[in-house]
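Here's the structure, in C-alpha cells; my notes come after.
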Amino acid sequence: AKKEDSCEVLDLAEYTKNQPWWRKLFGRSSGSSAEKYNVATQLVIGGVTGWCTGFIFQKVGKLAATAVGGGFFLLQIANHTGYIKVDWKLVEQDVSKAKEQLKFRSSGSKLAPEVKSRVDEVITFLKKNVILTGGFAGGFLLGMSS
C-alpha cells in the first residue's frame with residue numbers, strides 16, 4: 001500500500017497580502033541589526049538616520065521657539081495696548097492648583113505598568129543594537145549642530 005503524502009499548497013500572493021508591511025520590507029527575521037549587518041553598515045545607517053533626525057529636530061525646534069516667543073510678544077503688546085485684560089490673581093490661583101497637583105502626583109513616583117514595559121522594550125532594543133544606537137546618537141548630535 002502506498003502511503004500518500006498530504007501537502008498543503010501555499011498561495012504566496014495570498015500569504016503576502018496577510019502580512020504587515022514591515023514584514024514585507026524587512027523579512028521574517030525581526031532580530032537585532034547586529035545579526036543582519038556588519039559594523040560599518042550599522043554605523044552608517046545609525047549615523048545617517050541620526051543626522052537627519054537631529055537636523056529636522058533643530059529646524060522644528062527653532063520654528064517652535066519662534067512661534068511661542070512671537071505669540072508671547074503679541075500677547076504682551078495686546079495686553080499693553082488694552083486689547084486684552086489679564087486677571088493675574090486668577091492666573092496665580094490656577095498656577096498654585098497645578099503645582100499642588102504636580103506635587104501630589106510626583107509623590108508616588110511609581111511608573112505605570114505600560115510605561116515600565118515600554119521602557120524595558122527600549123532598553124532591550126538599545127542593548128541588542130549598541131552600534132546602531134551609537135551611530136544614531138553621534139549623527140543626531142552632528143545634525144543638531146549643523
Side-chain angles (χ1 to χ4, degrees), residues 7-146:
C7 295
E8 184 179 333
V9 177
L10 179 64
D11 184 10
L12 289 179
E14 200 58 41
Y15 176 75
T16 54
K17 284 181 187 175
N18 297 331
Q19 295 297 313
W21 66 270
W22 62 85
R23 284 260 169 86
K24 293 176 191 172
L25 185 63
F26 298 115
R28 290 198 59 78
S29 174
S30 61
S32 70
S33 62
E35 298 170 358
K36 297 181 194 175
Y37 305 109
N38 63 21
V39 174
T41 305
Q42 291 180 55
L43 281 174
V44 168
I45 290 172
V48 169
T49 57
W51 183 86
C52 292
T53 304
F55 186 77
I56 291 170
F57 192 79
Q58 175 203 29
K59 296 298 180 187
V60 169
K62 283 183 181 179
L63 180 67
T66 303
V68 169
F72 283 136
F73 181 69
L74 289 175
L75 285 175
Q76 287 298 324
I77 289 175
N79 183 29
H80 183 69
T81 56
Y83 286 106
I84 297 175
K85 296 291 182 195
V86 178
D87 186 1
W88 290 107
K89 288 185 180 186
L90 182 61
V91 171
E92 190 176 325
Q93 288 173 357
D94 288 344
V95 168
S96 65
K97 284 180 188 177
K99 283 182 183 178
E100 290 300 320
Q101 287 181 350
L102 286 174
K103 285 180 185 175
F104 176 72
R105 289 186 182 164
S106 66
S107 63
S109 75
K110 287 188 177 181
L111 290 176
E114 300 86 21
V115 173
K116 186 167 176 24
S117 68
R118 292 291 177 193
V119 168
D120 290 341
E121 285 179 26
V122 168
I123 290 172
T124 302
F125 175 80
L126 294 177
K127 285 180 180 177
K128 285 184 178 179
N129 300 294
V130 173
I131 297 170
L132 183 74
T133 305
F136 180 87
F140 182 81
L141 292 175
L142 286 173
M144 287 290 289
S145 67
S146 59

Please report, to 0.1 Å, the donor-acceptor pairs under 3.5 Å made by any side chain of residues 44-62, with sequence neighbours excluded.
unit_1: Thr49; atom_1: OG1; unit_2: Ile45; atom_2: O; d: 2.8
unit_1: Thr49; atom_1: OG1; unit_2: Gly46; atom_2: O; d: 3.1
unit_1: Trp51; atom_1: NE1; unit_2: Ser146; atom_2: OG; d: 3.3
unit_1: Thr53; atom_1: OG1; unit_2: Thr49; atom_2: O; d: 2.8
unit_1: Gln58; atom_1: NE2; unit_2: Met144; atom_2: O; d: 3.3
unit_1: Gln58; atom_1: NE2; unit_2: Ser146; atom_2: O; d: 3.0

State which residues pass side-chain contact (heavy atoms from CB on, under 4.5 Å) with [X]; sequence neighbours excluded, sorted by chain then number.
| X | result |
| --- | --- |
| Ala137 | none |
| Val91 | Val86, Trp88, Val95 |
| Leu74 | none |
| Phe73 | Ile77 |

ask   = Which pair of non-hydrogen atoms, one from Gln42 and one from Leu132, has the smallest distance, and what is that distance?
value = O-CD1, 3.3 Å
inquiry  = Once side-chain hydrogen bond (donor to acceptor under 3.5 Å, both in side chains) is applied, what residue pairs with a partner in residues 130-145 remain, sequence neighbours excluded?
reply    =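 Pairs touching residues 130-145 that pass the test: none.
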key: Contacts of type salt bridge (Lys or Arg N to Asp or Glu O under 4.0 Å), residue Glu121, not counting sequence neighbours   = Arg118
